[in-house]
Amino acid sequence: MSFAKWLRSNSEHYLLRDAQLRTARDLGINTSVRVRGPKDMFWMWFFVPVYRCLPWGLRRGVMQLLPGSHRRAWPRKNWRGPVR
């Protein structure tokens, strides 16, 4: 697996996990979260908070620098309006 795919996969996983925990907390649901080592500590205690503090323009710029499916361009269509 390439570095970009690994980074994207891990960031998606931990950002989703954080969103689920925040939603549960907002709904008053008690959850027990186990941190299972240095990897979890880095992603949950460093990456997620830093990512959430970054402005969207900076996030988007970083995503554009890394190869992956988010860089696929939509094909241009020559749309001329409704056919009459």
Side-chain angles (χ1 to χ4, degrees):
M1 177 183 292
S2 71
F3 174 73
K5 288 183 181 179
W6 174 84
L7 179 64
R8 184 173 180 161
S9 172
N10 279 302
S11 60
E12 285 176 349
H13 171 76
Y14 286 99
L15 288 169
L16 175 64
R17 183 175 170 187
D18 178 64
Q20 291 170 339
L21 290 172
R22 285 186 291 116
T23 301
R25 185 187 63 225
D26 292 346
L27 294 173
I29 300 170
N30 190 7
T31 59
S32 60
V33 178
R34 289 181 25 191
V35 176
R36 295 183 179 155
K39 179 183 175 185
D40 279 357
M41 282 190 273
F42 169 78
W43 287 98
M44 292 299 292
W45 296 346
F46 179 75
F47 176 81
V48 170
V50 169
Y51 182 85
R52 291 185 63 218
C53 290
L54 295 176
W56 172 245
L58 185 57
R59 290 183 206 175
R60 186 174 185 272
V62 170
M63 283 188 264
Q64 292 298 322
L65 289 174
L66 295 174
S69 62
H70 53 273
R71 292 192 65 192
R72 291 183 191 149
W74 290 95
R76 285 213 179 276
K77 293 189 178 184
N78 294 330
W79 190 73
R80 301 187 192 281
V83 178
R84 294 186 181 185

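We're numbering straight along the sequence, starting at 1. The structure displayed is predicted, hence computed values, not measured ones.
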Taking the side chain as every heavy atom from C-beta outward, state whether W45 and V35 have any pair of such atoms under 4.5 Å apart. yes

May I have the list of side-chain donor-acceptor pairs in residues 14-21 shorter than 3.5 Å, sequence neighbours left out?
residue : atom : partner : partner atom : Å
Y14     : OH   : D40     : OD1          : 2.3
R17     : NH2  : R34     : O            : 3.2
D18     : OD2  : R22     : NE           : 2.9

Do side-chain atoms of R60 reach the backbone of P55 as a donor and acceptor pair under 3.5 angstrom? no

